[in-house]
Amino acid sequence: MKRFALAAAALGVLAAGQAQAATGDVTGSVTVTGYVTSKCVVIPNSGSTFSGTIPLGELADSDGTLRADLAGTSAGSPAGAVNFRVNCNAAKPTVTVSADRLDNGTAGAPSGYTDVIDYTAAVDADLAGGSTESTAYTTAASLPAPTVQQLSDRLANASDNVTVKVYDLATPSGALLTAGSYDSTVTVVISPTS
Amino acid sequence: MRRNALLLSGLLLMCAAAPAYAQVTAIAGGAPDHITLSVPVTASIGGACGFKTGAAPSGSRDVGELNGSFSEDFPFTLECTGPLRMAVVSANGGLLASTGTLPGGYTNTAPYAVSLHIEGQGGAITNGSCDAATLTALASSACSFRGPASTSQGLRLGVASYQIPGSYLRVSSPGYSSPSILVASNTYTDTLTVTLSASP
């Protein structure tokens with residue numbers, strides 16, 4: 001007896017509920033752009049100005065001349081300093097410094113006396129790389145042009161990253177300081193140059 | 001007498017839910033002389049799903065100065081005949097500027113949020129929002145709707161959405177406030193890729 005056998009195997013793999021759309025096959029694409037303008041701001045309050053006072057106290061020694069300890073000050077050991085925090089988002093900000101002489105506002109001093117004191121004002125900028133760069137300006141009878149210096153790095157993003165200081169006060173040799181209130185202004189501009 | 005026998009063996013390897021069958025042998029002229037094979041065929045329509053022609057989220061938007069707040073919408077219209085999922089991938093994880101190496105305290109990436117608002121049939125709405133940083137392909141802490149979309153990945157709308165207006169992708173920021181200084185640049189950019197999948 002010859003038999004023919006037919007084996008029918010039905011293998012059904014049915015994925016019920018399969019989505020008609022393949023996964024991830026429909027796409028949209030959007031591009032978002034923006035910008036950040038170069039700026040320097042004073043922290044806190046993101047203002048554009050900062051101010052402070054460097055009180056030097058009594059300027060004259062007991063003999064009436066400029067105090068020796070003020071005359072002998074230096075960049076490393078200034079007569080006075082004040083700190084600020086300035087945030088700049090530019091790569092290499094520019095620092096501009098100028099000042100006028102310490103002056104007691106009188107009309108003039110007789111021979112052997114003086115009512116003005118020259119000095120050096122400097123701005124120390126702490127940089128992101130860890131170093132400090134100083135920009136200095138020294139007053140004179142004829143005030144020089146402001147000192148301008150572009151920093152070599154970004155300002156450190158840290159508190160007290162800008163220090164304004166004064167040192168090396170000077171009068172004509174042996175001159176007596178006239179009595180009065182002496183004042184001066186150091187002007188500092190920090191610009192977000194890149 | 002030679003008898004031709006037809007042996008049919010039906011081996012059914014069906015889905016687990018299919019009933020079990022005992023092996024049956026049919027013999028010509030015998031009883032039974034035939035067998036009946038039952039092959040169930042099932043299928044379902046998962047639903048076509050896509051963006052309406054010309055209404056996919058697309059284009060470029062300048063959100064302006066990144067230290068300030070912004071909010072921009074990219075509207076889209078779906079043509080999905082069933083439930084769906086939508087997902088987003090951010091190329092940069094934020095608005096990224098092409099700068100050199102930055103020192104500590106500075107950054108060239110501005111964070112922002114990506115939101116999805118999808119409207120469906122019968123007033124159904126689904127919303128989701130995540131930081132762009134969680135939408136990158138390599139984000140360790142990924143957003144729930146990071147793409148690409150699949151039947152199980154993405155923000156899900158449980159009903160159809162066919163030519164219903166009002167859906168949008170939104171990019172926004174309340175204004176930059178991180179301690180790091182955002183460096184000056186006019187090259188901040190990010191690209192969002194939006195994918196869509198039926199999700200039965």
By a 4.5 Å heavy-atom criterion (distance strictly below it), what part of [X] contacts chain A: side chain, backbone, both, or neither?
X         : value
Leu66(B)  : both
Leu96(B)  : neither
Val63(B)  : both
Ser185(B) : backbone

Do you see a donor-acceptor pair shorter than 3.5 Å between the side chains of Thr139(A) and Asp118(A)? yes

Just checking, any donor-acceptor pair under 3.5 angstrom between side chains of Arg156(B) and Ser199(B)?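 Yes.
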
Counting heavy-atom pairs closer than 4.5 Å to chain A, which one of [options] comes out on top?
options                                  : answer
Thr193(B), Asn186(B), Val183(B)          : Val183(B)
Ala56(B), Pro103(B), Ser180(B), Gly64(B) : Gly64(B)
Thr187(B), Thr189(B), Ile181(B)          : Ile181(B)

Using the ring of each side chain (for Trp, its six-membered ring), is Tyr168(B) parallel, tilted or perpendicular to His117(B), with breaks at 30° and 60°? parallel

Could you walk me through whether Lys165(A) and Asp124(A) pass the salt bridge (charged side-chain N to carboxylate O under 4.0 Å, His left out) check? CA-CA 8 Å; Lys165(A) 60 188 182 183; Asp124(A) 288 350; 2.6 Å; yes

Do Arg101(A) and Asp103(A) meet the salt-bridge criterion of a basic N to acidic O distance under 4.0 Å? no

Would you find a donor on one side and an acceptor on the other, under 3.5 Å apart, between the side chain of Asn83(A) and the backbone of Ser159(A)? no

Against chain B, label Ile43(A) side chain, backbone, both or neither, depending on which of its atoms sit under 4.5 Å from a heavy atom there.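 Neither part.
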
If you tally heavy-atom pairs under 4.5 Å between each of Asn157(A), Val36(A), Asn89(A) and chain B, the highest tally belongs to Val36(A)

Taking every heavy-atom pair that is under 4.5 Å apart, which of Cys88(A), Ala158(A), Ser29(A) has the most such pairs with chain B?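 Going by pairs under 4.5 Å, I would pick Ser29(A).
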
Do the side chains of Ser173(B) and Phe70(B) get nearer than 4.5 Å, heavy atoms only? yes

